[in-house]
Number of protein chains: 4
Amino acid sequence: MTSISEPAQPTGDPAQPTPPTSDPAQPTADDPISPATGRPLTKRGLATRRRLLEAAEDVFAELGYHEASIVKVTEHAGVALGTFYLYFDSKQSIFEALVIDLNDRVRQSMSEAMAGATNRIEAERGGFEGFFRFTAKHPALYRVVREAEFVSPETMRLHYERIVEGYTAGLQAAQSAGDIDTTLDPEVAAWALMGLGELIGMRYILWERDASGTAPDRIAPHVLDAMMQFIGGALGGPHTRKGAE
Amino acid sequence: MTSISEPAQPTGDPAQPTPPTSDPAQPTADDPISPATGRPLTKRGLATRRRLLEAAEDVFAELGYHEASIVKVTEHAGVALGTFYLYFDSKQSIFEALVIDLNDRVRQSMSEAMAGATNRIEAERGGFEGFFRFTAKHPALYRVVREAEFVSPETMRLHYERIVEGYTAGLQAAQSAGDIDTTLDPEVAAWALMGLGELIGMRYILWERDASGTAPDRIAPHVLDAMMQFIGGALGGPHTRKGAE
Amino acid sequence: MTSISEPAQPTGDPAQPTPPTSDPAQPTADDPISPATGRPLTKRGLATRRRLLEAAEDVFAELGYHEASIVKVTEHAGVALGTFYLYFDSKQSIFEALVIDLNDRVRQSMSEAMAGATNRIEAERGGFEGFFRFTAKHPALYRVVREAEFVSPETMRLHYERIVEGYTAGLQAAQSAGDIDTTLDPEVAAWALMGLGELIGMRYILWERDASGTAPDRIAPHVLDAMMQFIGGALGGPHTRKGAE
Amino acid sequence: MTSISEPAQPTGDPAQPTPPTSDPAQPTADDPISPATGRPLTKRGLATRRRLLEAAEDVFAELGYHEASIVKVTEHAGVALGTFYLYFDSKQSIFEALVIDLNDRVRQSMSEAMAGATNRIEAERGGFEGFFRFTAKHPALYRVVREAEFVSPETMRLHYERIVEGYTAGLQAAQSAGDIDTTLDPEVAAWALMGLGELIGMRYILWERDASGTAPDRIAPHVLDAMMQFIGGALGGPHTRKGAE
DNA sequence: AATGAATGAGAATTCATTCAT
DNA sequence: GATGAATGAATTCTCATTCAT
């Protein structure tokens, strides 16, 4: 007789200081499966799932992970509470899906904005513009990721690492091309760029938005210029501080 | 965008029937008063308050703000649950006191480590060393501050602004001294440095610690070198890229 | 740094087909400890705990384990919902405590009623009278124990085994005294007596009560007589079927 | 005693807005009708119904009534969730059908095993063998019936009464034949036998199975012997305690 | 006949805060 | 000053049942 009960109940556990590592069979953004049936979603299911993710983005961005509740998400999405659990295992699980989703999209936004650059500095400027534009439109990215440390550390790391990976590859290519200082450690530089962009975005987009009430859809040009001057110096190479040479 | 949250209800204050939220003479780190009596604390009281703050640092650092509970803090501090409310108004209030306290101490640690520097780059290196040393010893700084956004946004801003203020002043002085690129916007540069230091510290101290299980008490020298090379280039001035001159 | 979070969270797990084995350090009826603080209860605490147990007996007896809810128990006990968790870990845990408690008391009631018997048959009659009287007063015993199989199998077994243990010892003593058939297997006989008493009690006390609406406080004499005739024959020995010899 | 439960709400029927609880021509085991169409089932429908009942037996036996869910039953049966409601009104209704079904089959198993007995004691031994063999193969019988008290009390009573009826008739016949003690109350004796068999089966088949992991397909002979010795004495008559004659 | 997405009432449990001792 | 029992609002998650396809 095979056991009827599930092998090792993966269901949520109320009082769990450190959240469990995300299931490796976790639905990805591209090929989500129903946690209820374990089967791929129908078209109708995919639409409902997307509405939930969008609602989660709004609600998490406004209230943060902890103040947000599943009821609020489902109300915002216009579905019943129970419907949530047809698409996500738990509050944490939609959180993780959301971070992955935002990460996919911000990287998309960045690479689109970098296309056509003829040197690394132009590429950087484009990348940051893409990043900031996305930030302006999707404040959830910041707010949610910065909370992620205690909600799902692996997901937070994944988010940063994916972006840094792209940066590192770009910097290495630029070094090979002699486009930037070849003695720079590309990985450390990538983390530096990531952090620098994060705080500049926070300070000059999110806080600006909160202060004025109106949402700037991009960063103030003089800030971007100053920032690029900083980065240009940091990366070195032929484009640097031309006037000073 | 319509507000998702109900009426006003600023942050995490579940059921607060009678007393208004006014902060009666906001206790500072230096001159704390009892929220119960409204009078300055006795010497014994000060000691209990400090034990609670230290316990909060440990507990918040390990569990995060939300997973932490007042009971855990008081148990860790070795006092009774009710005692907590003789010293702090609420969970949020000890959180804010803790952030302020950590902020005071990290800036102290930074300025001590900068003393004696003969130029801006040396000063920066010292400052970051102080910052990273503090980070290694007090991981709560990161974990708590990054959660602060939804717990007490003003406190989070205060934390960053205080540090950036110091940076900005230092950079302006260095510009006056001709020590660094005088065309750089000192405020934007200060935010860049802050962000850069934050992510490098997170990546190369906290994550390293988590991965190895053992806590490095400082950042790996080659990372600091690489980072300083990046910063040196960014700030420009006589010390930069000597070979290029 | 010692870990702040508990070693292995013993807290309830929603979807758990087979309940976990009861904690060996489980509070006993005599020396209960608070699951919240882990310390022995104060006098006030003991009183509250007893009120909860009594309420649980009433509510479980009327509604059964599953239909009963903790809110109903606490309402019946006149305490707030949260108070429950100062005394019991979970619904299952008060259930187990209740079964143990009822078991202690039914055995007490049985041995009191057996005292003074001069032979085994008299002792059996007394024991069953005690058992049925307790049953009439505490219908929870039946209803709850029969449900226990899926709630806490160990507790159900413990209940039966404790009673059977007493029976077995009594039968063995009676065999040594030549009071009953010495070739009888005392353990099998003990289980037989247990089962026989259970169904007779169910049929002639509980169902009678339900049918008439009024609660008989004891079993009908002719049923007890018939039952004792059956048992007398089963146990054999000098008292058996005297007229037939 | 005041009622704890709200108004009427007989048993486990959570939210039932419109349709009255009347059972439209209570489907029997032999002549089931569709609760959807109200018409007798086709051959295909009968097969699906049987698969659902078999699945219910497995699932209820392993998890118990409350822990079991309709989804699990339908998954086990290999049909879609909605299909369930084409054959049964509710969870309670398949439960009742299952108990009736098991009752039919266990009585069948008992009377087959009694056929050919030449006296009452032989008949009893046969009957119990049939009962225990069925128990070993269909543990659901015990587990489900013992839970039935709070799910469907009438069904539980029906189950016991049907078996006891058979016993009573058999005992009366044996008394007329002078085969057993004629002064015994046959109904009380029948309930005694029923209870005795129930607990012996539970202890020596079900618990043995749980302890060893392997399922004994019958009761240990020495236990059956001891039990029959007990019963033989109880029923009295010519076959009893030969040595004493 | 069969399907399975959607529903929403209900349950257990947590924890910041109060207040009588 | 200190204590810790009591409170109850709020949260996450489950699952029997419905109904459009």
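Proteins get letters first, then strands, A, B, ... in listed order; numbering begins at 1 in each. Keep in mind it's a predicted model, so treat the numbers as computed, not measured.
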Write down the distance between [atom1] ([X]) and [atom2] ([N]), rounded to a whole number of angstrom.
X        : N       : atom1 : atom2 : value
Ile70(C) : dA10(F) : CD1   : P     : 20 Å
His66(D) : dA11(E) : NE2   : C1'   : 13 Å
Glu67(C) : dA11(E) : CD    : C1'   : 11 Å
Phe95(D) : dT17(F) : CZ    : P     : 14 Å
Glu75(C) : dT7(F)  : CD    : C1'   : 14 Å
Leu86(C) : dC15(E) : CG    : P     : 13 Å
Phe60(C) : dA11(E) : CZ    : C1'   : 13 Å
Lys72(B) : dG4(F)  : NZ    : C1'   : 18 Å

Describe the nucleic acid contact of [X] in one word from base, sugar-phosphate, nothing, applying a heavy-atom distance below 4.0 Å.
X        : result
Val79(A) : sugar-phosphate
Leu81(C) : base
Ala68(A) : sugar-phosphate
Ser69(B) : sugar-phosphate

field: Residue mapping more 5' on DNA chain F - nearest nucleotide basis, Thr83(B) or Gly82(D)
entry: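 Between the two, 5'-proximity favours Thr83(B).
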message: If you assign each of Ala80(B) and Ala80(C) to its closest nucleotide in DNA chain F, which residue comes earlier from the 5' end?
response: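 Result of the comparison: Ala80(B).
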task: Check side chain to side chain donor-acceptor pair (under 3.5 Å) between Thr155(B) and all other residues, then give those that pass, not counting sequence neighbours.
output: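 Partners of Thr155(B) by the side chain to side chain donor-acceptor pair (under 3.5 Å) criterion, ordered by chain and then number, come out as Ser152(B).
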- prompt: For Thr83(B), what residues pass the side chain to side chain donor-acceptor pair (under 3.5 Å) criterion, not counting sequence neighbours?
  reply: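 Thr83(B) satisfies side chain to side chain donor-acceptor pair (under 3.5 Å) with no residue once adjacent residues are dropped.
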- request: Would you please name every residue forming a side chain to side chain contact (heavy atoms under 4.5 Å, CB included) with Ser69(B), sequence neighbours left out?
  value: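 Residues passing side chain to side chain contact (heavy atoms under 4.5 Å, CB included) with Ser69(B): Val71(B), Lys72(B).
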Partners passing side chain to side chain contact (heavy atoms under 4.5 Å, CB included) against Ala77(A) (at least two apart in sequence or in another chain):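 Partners of Ala77(A) under the side chain to side chain contact (heavy atoms under 4.5 Å, CB included) test: Leu52(A), Ala55(A), Val79(A).
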Any [X] side-chain nitrogen or oxygen under 4.0 Å from OP1 or OP2 of [N]:
X        : N       : answer
Thr48(D) : dA1(E)  : no
Ser90(D) : dA16(F) : no
Tyr85(A) : dA6(E)  : no

Flag side-chain contact, heavy atom, 4.5 Å: [X] against [Y]:
X        : Y         : value
Glu57(A) : Val144(A) : no
Glu67(C) : Phe150(D) : no
His66(A) : Val151(A) : yes

5'-most by nearest nucleotide on DNA chain E - Lys91(B) or Gly45(A):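 The residue closer to the strand's 5' end, by nearest nucleotide, is Gly45(A).
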Nearest-nucleotide comparison on DNA chain E, the residue closer to the 5′ end among Phe84(B) and Tyr65(C):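 Taking each residue's closest nucleotide, the earlier one in sequence belongs to Tyr65(C).
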Which residues share a ring pair (Phe, Tyr, Trp, His ring centres under 6.0 Å) with Tyr65(A), sequence neighbours left out: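 Tyr65(A) satisfies ring pair (Phe, Tyr, Trp, His ring centres under 6.0 Å) with Phe60(A), Phe95(A) once adjacent residues are dropped.
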query: Can you give the dot-bracket line for DNA chain E, using ( ) for pairs inside the strand, [ ] for pairs that cross earlier ones, | for pairs with another strand and . for unpaired bases, where Watson-Crick and G-U count if both distances are under 3.5 Å?
result: .||||||||||||||||||||
